[in-house]
Amino acid sequence: MARKTGWGETLLGLAILAVLAGVGAAVYFEQFRPHPAAAAADRPDYHPPPASRPAAPPRPSRVNPPDGMAALGPSEFFDPDTLYEKIDGRAELYLPAGFQSLECRRLGLPDDEDSVVEVFLYDMGSARSAYAVFSLQQREDAEPRDFTRYAYLAENALFFCHGPYYLEIVAGTADAAARDALRRTATQLMADLPAEPVDLPEAALLPEAHRLPGHPRLYRADGLGFALLADLVVADYQIGEFSLSGFVCARGSEADAAKLAQAYQQYIMDDGAMLQTPIPELPDARVLDFYGTWQVLFTRGRYFAGVHQAGDRLSAEQLALLLDRQLSEPAP
């Protein structure tokens, strides 16, 4: 026997039909409503969105092969955001010094693997910044090269700075043919990129006596680990059996130099350095014992200078007196 439909079921069915009818009507009328973008285009103040930018043109290479060699592929380019992709772990040396861009390119003879070299051309933005990264990467086994003032050879690689550029040219081997390819490539790069040499007057203020071989180091930022110590020039010395460093930093005025000296003194004292008795011949200098190493800090005019990490007090005093004498002499 067939069951009769109840009033509840009838009302539920009618409600479902009403909802479906409403959805259908909404869809029907929606097709006649203009799209917001189309409506905006009809307004008198409408400005269409800009077209997508065209792809950037290829960057011209600054690394060209010398006569007798050839480029073995296009250049690679890296900016401050992508530098780590090429030199992972070393980008933090270049970025604070003013790094702008890196171009890398392989050159050589296609049929001679020993002639292949890879050029790393760092545009550091200024000659001082280029010298800074050159000086901070000097190697103990460096062989000086005289084709430019700041250059050295280490095994199979040539390192030098030229104007705002710091360059590394790396060969696959260290034989005579590879070294010749390094020299020829460097000569071509310098001819293609004329530049003024770096001006580093502070280097002349560091005493020559007892100085170890190598070029003075230039810190564009964070000298001696102190954030405010910028454009610091440092040289290494050996007095007797003790090694130590001398430094000088030019400021804009005497007041600026004194303020920097006081700030650095407070910085190392906060880290445990202890003031000691002054040097009789240099009474205005501050002598500090820093966990068994000796520091001497003083100012002369607009220069903040001193001795860092001396092995004993006598060698620290000796270098401080030499440095004071150098700073006190009238400029030539």
For this session: Show your working on side chain to side chain contact (heavy atoms under 4.5 Å, CB included) between D123 and L102 and close with a plain yes or no.
Result: CA-CA 6 Å; D123 184 344; L102 167 63; over 6 Å; no
Side-chain donor-acceptor pairs under 3.5 Å in residues 240-251, sequence neighbours left out?
unit_1, atom_1, unit_2, atom_2, d
S245, OG, D236, OD1, 2.9
R251, NH2, A230, O, 2.9

Problem set entry | Rounded distance [0.5 Å steps], CD1 in I268 versus CD in Q265 | 7.0 Å
Exercise. If only atom types and distance count, is the side chain of S135 paired as donor or acceptor with the main-chain N or O of A132 below 3.5 Å?
Worked result: yes
Exercise. Where do L189 and I169 land on the side chain to side chain contact (heavy atoms under 4.5 Å, CB included) test, with the steps shown first?
Worked result: CA-CA 11 Å; L189 285 164; I169 310 175; 3.9 Å; yes
Seminar exercise, completed: Closest non-hydrogen contact found for A171 with N156 is O-ND2, 2.5 Å
Problem set entry | Residue pair R90 / Q137, side-chain donor-acceptor N/O under 3.5 Å | yes
Exercise. So which heavy atom on L323 is nearest to which on A305, and how close?
Worked result: CD2-CB, 3.7 Å
Exercise. Which pair of non-hydrogen atoms, one from P164 and one from A195, has the smallest distance, and what is that distance?
Worked result: CD-CB, 4.0 Å
Exercise. Roughly how far apart are S75 OG and L121 CG, rounded to 0.5 Å?
Worked result: 9.0 Å
For this session: Test E118 against K86 for salt bridge (Lys or Arg N to Asp or Glu O under 4.0 Å), laying out the working first.
Result: CA-CA 13 Å; E118 184 170 12; K86 186 65 176 179; 3.2 Å; yes
Exercise. Can you check whether G292's main-chain N or O pairs, donor with acceptor, with D289's side chain at less than 3.5 Å?
Worked result: yes
Exercise. So, do V119 and R106 sit near enough that their side-chain heavy atoms are less than 4.5 Å apart?
Worked result: no
Exercise. Any donor-acceptor pair under 3.5 Å linking the side chain of S129 with the backbone of A97?
Worked result: yes
For this session: Compare all side-chain heavy atoms of L288 with those of M274 and state whether any distance is below 4.5 angstrom.
Result: no
For this session: Determine, stepwise, if the pair D256 / K259 fulfils salt bridge (Lys or Arg N to Asp or Glu O under 4.0 Å).
Result: CA-CA 5 Å; D256 289 343; K259 184 177 180 181; over 6 Å; no
Problem set entry | Short side-chain donor-acceptor distance under 3.5 Å, S61 and E103 | yes
Problem set entry | Distance-only side-chain donor-acceptor flag, R302 / S253, under 3.5 Å | no
Exercise. Counting heavy atoms not belonging to E254, are there more than 12 under 6.0 Å from its CD?
Worked result: no
Problem set entry | Y165 and M124, any side-chain heavy atoms less than 4.5 Å apart | no
Exercise. Are V133 and Y84 co-members of a hydrophobic cluster defined by side-chain heavy atoms under 4.5 Å apart?
Worked result: no
Exercise. Mind checking whether R59 and P74 have side chains closer than 4.5 Å, heavy atoms only?
Worked result: no
Problem set entry | From CG (D324) to CD1 (I279), nearest 0.5 Å | 9.0 Å
Exercise. Does the side chain of L182 come within less than 4.5 Å of V170's, by heavy atoms?
Worked result: no
Exercise. Checking Q138 side chain against H215 main chain: does a donor-acceptor pair fall under 3.5 Å?
Worked result: yes
Exercise. Heavy-atom count around R128 CZ within 6.0 Å, excluding the residue itself: above 12?
Worked result: yes
For this session: State, with a plain yes or no, whether a side-chain heavy atom of F304 is found less than 4.5 Å away from one of L229.
Result: yes
Problem set entry | Over 12 non-hydrogen atoms of neighbours within 6.0 angstrom of CZ in R145 | yes
Problem set entry | Atom pair OG1/CG of T185 and L158 - distance to nearest 0.5 Å | 9.0 Å
Problem set entry | More than 12 heavy atoms from other groups under 6.0 Å of CE on M269 | yes
Exercise. Is it the case that one hydrophobic cluster holds both F77 and Y166, taking links as side-chain heavy atoms less than 4.5 Å apart, direct or via other members?
Worked result: no
Exercise. Does a side-chain N-to-carboxylate-O contact under 4.0 Å join R184 and D180?
Worked result: yes
Exercise. Between L206 and V233, is a side chain to side chain contact (heavy atoms under 4.5 Å, CB included) present by the stated rule, with each step listed?
Worked result: CA-CA 9 Å; L206 292 164; V233 181; 3.7 Å; yes
Exercise. Which pair of non-hydrogen atoms, one from G163 and one from A130, has the smallest distance, and what is that distance?
Worked result: O-CB, 3.4 Å
Exercise. Does a side-chain heavy-atom distance below 4.5 Å link V234 with P216?
Worked result: no
For this session: For residues W294 and V287, determine if any side-chain heavy atom of one lies less than 4.5 Å from a side-chain heavy atom of the other.
Result: yes
Problem set entry | Rounded distance [0.5 Å steps], NE2 in H210 versus CG in L322 | 6.0 Å
For this session: Would you kindly say whether E202 and Y303 are connected by a side-chain donor-acceptor distance under 3.5 Å?
Result: no
Exercise. Any Lys/Arg nitrogen of R300 or E329 sitting under 4.0 Å from an Asp/Glu carboxylate oxygen of the other?
Worked result: no
For this session: Go through the steps to decide whether D192 and R62 satisfy the test salt bridge (Lys or Arg N to Asp or Glu O under 4.0 Å), and finish with yes or no.
Result: CA-CA 8 Å; D192 290 343; R62 290 176 289 190; over 6 Å; no
For this session: Classify the side-chain pair Y94/E92 by whether it contains a donor and acceptor separated by less than 3.5 Å.
Result: no
For this session: Using the six-membered ring wherever Trp is involved, compare the ring planes of Y267 and Y264 and label them parallel, tilted or perpendicular (cut-offs 30° and 60°).
Result: tilted
Exercise. Between F120 and C104, which heavy-atom pair has the shortest distance, and what is it?
Worked result: CD2-SG, 3.6 Å
Exercise. Honestly curious: do L282 and L314 fall in one hydrophobic cluster under the side-chain, below-4.5 Å linking rule?
Worked result: no
Seminar exercise, completed: ring-ring contact (aromatic ring centres under 6.0 Å, His included) with F160: of F147, F134, Y152, only one passes, and it is F147
Exercise. In terms of hydrophobic clustering (I, L, V, M, F, W, Y; side-chain heavy atoms under 4.5 Å; direct or indirect links), are V307 and F290 co-clustered?
Worked result: no
Exercise. What is the minimum heavy-atom distance between P96 and A91, and which atoms define it?
Worked result: CD-O, 4.5 Å
Exercise. Got a salt bridge between E76 and R105, using NZ or NE/NH1/NH2 to carboxylate O under 4.0 Å?
Worked result: no
Problem set entry | Step-by-step side chain to side chain contact (heavy atoms under 4.5 Å, CB included) determination, V117 to L107 | CA-CA 5 Å; V117 299; L107 309 175; 4.1 Å; yes
Exercise. When you look at Y131 and Y150, which way does the ring pair (Phe, Tyr, Trp, His ring centres under 6.0 Å) test go after all the steps?
Worked result: CA-CA 8 Å; Y131 176 84; Y150 299 114; 4.7 Å; yes
Problem set entry | Distance in Å, Q238 CD paired with L319 CG, rounded so as to fall on 0.5 Å steps | 11.5 Å
